[in-house]
Amino acid sequence: MKKLVIVTYVLRALGFVLVLLMLFGHSIVLNLFPSLEGHSINPIFYTGIVCYAVGAVIHFFIKKKEMAERRKREVEEAEARVFGGFKDSE
C-alpha cells in the first residue's frame, strides 16, 4: 500500500509541474520541443491536470480506506477496554 501512496504523490507532483510549466514556461517547452512552435501546447496542460486529478482521487480512496480501518480498530479496542473479558464469555 505504501508504494501506491508514493505513486499518488509522484502523479500529483508531475501534474503540478506540468501545469506550472505550461503557465509560466512556454519558452522552455518550445526550446525543448521546437516542433511544437505554432501548435497548441494545451495538451501538456491538460495532461498535467489529469495526472494531478488521478493522483488525488487515488490518494483520497486510499486515505478513506485507512481511516475506516483505523476507526474499526479503535472501536474494537474501546469495546475491549469497556467490556474486558465479559464479551468473550458470551
Side-chain angles (χ1 to χ4, degrees):
M1 182 84 80
K2 279 290 200 191
K3 290 180 184 177
L4 192 57
V5 172
I6 293 170
V7 169
T8 62
Y9 282 115
V10 169
L11 278 173
R12 289 165 48 187
L14 176 66
F16 186 72
V17 167
L18 287 175
V19 168
L20 284 180
L21 189 63
M22 295 319 305
L23 290 176
F24 302 112
H26 288 295
S27 61
I28 296 171
V29 173
L30 292 177
N31 285 338
L32 289 174
F33 304 106
S35 63
L36 289 177
E37 191 147 0
H39 291 81
S40 173
I41 46 181
N42 282 338
I44 297 172
F45 179 78
Y46 295 134
T47 302
I49 291 174
V50 169
C51 284
Y52 188 87
V54 167
V57 168
I58 292 171
H59 189 78
F60 172 77
F61 285 115
I62 290 171
K63 284 296 184 183
K64 187 175 178 182
K65 183 179 177 183
E66 286 178 359
M67 291 296 288
E69 289 172 359
R70 181 183 304 147
R71 198 174 311 119
K72 182 180 175 184
R73 189 177 60 244
E74 288 175 354
V75 166
E76 289 173 354
E77 290 173 357
E79 286 178 353
R81 275 183 283 162
V82 170
F83 296 115
F86 180 70
K87 188 174 183 180
D88 294 335
S89 64
E90 289 180 355

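Count residues from 1 along the sequence. Remember, it's a predicted structure, so these values are computed and weren't measured experimentally.
We find that E66 and K63 are joined by a salt bridge, their nearest charged nitrogen and carboxylate oxygen being less than 4.0 Å apart.
We find the NZ-OG1 distance between K3 and T8 to be 14.5 Å, quoted to the nearest 0.5 Å. Residue K65 holds its NZ atom at 15.0 Å from CE of M67, rounded to the nearest 0.5 Å.
Cluster membership check: V7 shares its hydrophobic cluster with Y9, using side-chain heavy-atom separations under 4.5 Å among Ile, Leu, Val, Met, Phe, Trp and Tyr. Note on L14: it clusters hydrophobically with L23, by side-chain heavy-atom contacts below 4.5 Å among ILVMFWY residues. Hydrophobic clustering, with ILVMFWY side chains joined whenever heavy atoms are under 4.5 angstrom apart, groups I44 together with L20. Linking ILVMFWY residues whenever their side-chain heavy atoms come closer than 4.5 Å, directly or via other members, leaves Y52 and V17 in distinct clusters. Connection of V5 to I58 is established within a shared hydrophobic cluster, with ILVMFWY side chains joined at heavy-atom distances below 4.5 Å, either directly or through further cluster members.
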